[in-house]
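One structure is given here, and the rest of the page talks about it.
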Amino acid sequence: MYVLVVNAGSSSLKYQLMDTTAEKVLAKGVCERIGIDGHIEHKNEAGEKFERDIPMPNHSVAIQIVVDTLTDPEMGCIKDMSEIEAVGHRAAHGGNYFSDNVYIEGDVMDRFELCREIAPLHTGPHIMGIHGCTSVMPNVPQVIVFDTVFHKTMPDYAYMYAIPYDMYEKYSIRRYGFHGTSHCYVANEMAKVLGRPIEETKIITCHIGNGSSVTAVKGGKCIDTSMGFTPLAGLEMGTRCGDMDPAVVTYIMKKEGYTPDEMSNFMNKKCGLLGVSGVSSDSRELEAAAKAGNPRAILAANIMAYGIKKYIGSYTAAMNGVDAIVFTAGIGENNADMRARVCRDMEFYGIEFDEEANINTYKPAGPMEISKPGSKTKVYVIPTNEELMIARETEKIVSARK
Ligand code: ADP
């Protein structure tokens with residue numbers, strides 16, 4: 001099945017056209033500066049790049065340009081729009097409204113509208129992306145794949161916060177977890193490497209990028225994850241603070257005179273690697289500063305690594321063991337220094353870390369082991385592929401309708 005995978009942000013829209021039978025990418029690209037001026041960067045299957053500035057006043061026009069590019073005789077890969085058999089949309093937050101990925105029909109969009117309240121920055125653009133596809137390809141089935149769905153198997157004591165129960169009932173305040181598509185993909189890839197049915201495995205997946213989360217996957221199911229009600233929780237991230245004593249929030253608000261929105265902006269945009277180091281939210285720049293001896297860059301990197309290490313420890317306890325630990329996403333796949341900070345001195349957990357293999361793992365195309373061959377607990381770098389998961393899930397849901 002030819003599935004167009006769409007990841008719509010407020011001013012950008014990433015897309016991939018995938019052939020799910022061959023599991024290959026036919027073309028991919030990104031529309032940027034939507035609502036400002038407009039720019040598309042497109043790559044065909046051979047990796048040839050095409051770029052152009054073109055007005056994109058809204059997401060519907062951006063989708064039309066994507067379709068025009070995909071069907072363009074020079075840049076494209078299909079003859080006609082009718083070859084696109086389904087669209088799969090990535091969505092950040094399904095809240096309590098969606099416990100499964102969904103075929104868009106009936107009241108689905110009305111329910112998705114309700115997610116705006118808990119994830120306004122993400123849900124608005126996702127809705128615009130869906131409306132854009134509906135206007136350009138009215139007869140093509142569409143599916144929403146949520147970052148939260150993989151985490152629905154957490155037990156109540158893992159997802160509940162210790163707040164009065166009626167607050168949970170009234171406002172659906174609980175841990176949801178994010179990056180689910182990525183955690184699910186790399187856990188399944190890891191099980192294949194272990195050569196065992198995933199039902200018999202205990203895996204900790206570390207998705208470490210601009211946004212980062214760690215997940216405990218027992219028997220193929222998420223039993224706990226570090227992000228929470230929102231993607232602000234858990235680890236120190238590029239610009240997000242992650243977990244801290246909740247009293248810090250009200251204390252800073254009082255001291256700095258911040259409104260709730262200003263405080264939210266502060267915690268999402270001004271903290272993390274950027275806030276601690278004062279250098280950058282980008283791990284490449286941070287590592288360069290750390291190597292040059294900048295003490296705050298070193299501190300920022302150490303806070304992140306220590307956080308990951310602690311999650312590995314606590315999730316090993318939660319699962320009563322661990323067979324494998326996986327690193328993925330921008331930092332997890334590419335930053336050997338960060339992986340080394342996490343994995344050194346973990347012999348107690350059965351990890352024999354291979355320093356040399358770790359350094360030699362750069363932009364791996366597939367699973368790469370960074371533990372020593374005899375290590376009881378395996379440590380791997382596995383490149384994530386959220387688009388493939390979204391395409392597979394879209395195909396499954398659409399095919400079930402036929
Ligand atoms: P997002 O959460 O936005 O999807 P990514 O998964 O793309 O983020 O991760 C972005 C992070 O990955 C940045 O901190 C970036 O510096 C880091 N990164 C990407 N490539 C490399 C690299 N080659 N070496 C070190 N860090 C890298």
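The first residue in the sequence is number 1, and the count goes up from there. All values below were derived from every heavy atom in this structure, side-chain atoms included, with hydrogens, water molecules and symmetry-related copies excluded. Bear in mind that the values here come from a model prediction, so they are computed numbers and not experimental data. Start at 1 and go down the list; that is how both ligands and their atoms are numbered.
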Report each N/O pair between ligand 1 and the protein that falls under 3.5 Å, naming both atoms.
residue: ligand 1; atom: 2 (O); partner: Asn210; partner atom: N; Å: 3.2
residue: ligand 1; atom: 2 (O); partner: Gly211; partner atom: N; Å: 3.2
residue: ligand 1; atom: 3 (O); partner: Asn210; partner atom: ND2; Å: 3.1
residue: ligand 1; atom: 6 (O); partner: Gly330; partner atom: N; Å: 2.9
residue: ligand 1; atom: 8 (O); partner: Asn210; partner atom: N; Å: 3.1
residue: ligand 1; atom: 9 (O); partner: Asn210; partner atom: N; Å: 3.4
residue: ligand 1; atom: 12 (O); partner: Ile331; partner atom: N; Å: 3.3
residue: ligand 1; atom: 14 (O); partner: Ser283; partner atom: N; Å: 3.0
residue: ligand 1; atom: 16 (O); partner: Asp282; partner atom: OD1; Å: 2.6
residue: ligand 1; atom: 16 (O); partner: Asp282; partner atom: OD2; Å: 3.4
residue: ligand 1; atom: 16 (O); partner: Ser283; partner atom: N; Å: 3.1
residue: ligand 1; atom: 16 (O); partner: Ser283; partner atom: OG; Å: 3.4
residue: ligand 1; atom: 16 (O); partner: Arg284; partner atom: N; Å: 3.4
residue: ligand 1; atom: 16 (O); partner: Arg284; partner atom: NE; Å: 3.3
residue: ligand 1; atom: 20 (N); partner: Asn334; partner atom: ND2; Å: 3.4
residue: ligand 1; atom: 23 (N); partner: Tyr362; partner atom: OH; Å: 3.4
residue: ligand 1; atom: 26 (N); partner: Ser283; partner atom: OG; Å: 3.0

ask   = Counting distance only, does the side-chain N/O of Lys378 pair as donor-acceptor with the main-chain N or O of Leu194 below 3.5 Å?
value =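 No; judged by distance alone, with no hydrogens or angles, the pair does not exist.
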
request  = Determine yes or no for a side-chain-to-main-chain donor-acceptor pair under 3.5 angstrom, with Thr377 supplying the side chain and Ala324 the backbone.
outcome  =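 A pair under 3.5 Å: no.
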
inquiry  = Parallel, tilted or perpendicular: which one describes the rings of His151 and His183, with boundaries at 30° and 60°?
reply    =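 The rings of His151 and His183 stand perpendicular, inter-plane angle above 60°.
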
request  = Anything under 30° is parallel, anything over 60° is perpendicular, the rest tilted; go ahead and classify His207 against His179.
outcome  =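 Because their plane-to-plane angle is under 30°, the rings of His207 and His179 count as parallel.
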
ask   = Does some side-chain heavy atom of His42 sit less than 4.5 Å from a side-chain heavy atom of Val66?
value =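 Side-chain contact under 4.5 Å: no.
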
key: Beyond-backbone contact of Phe327 with Val379, side-chain heavy atoms, under 4.5 angstrom   =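 They are in contact (side-chain heavy atoms under 4.5 Å apart), so the answer is yes.
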
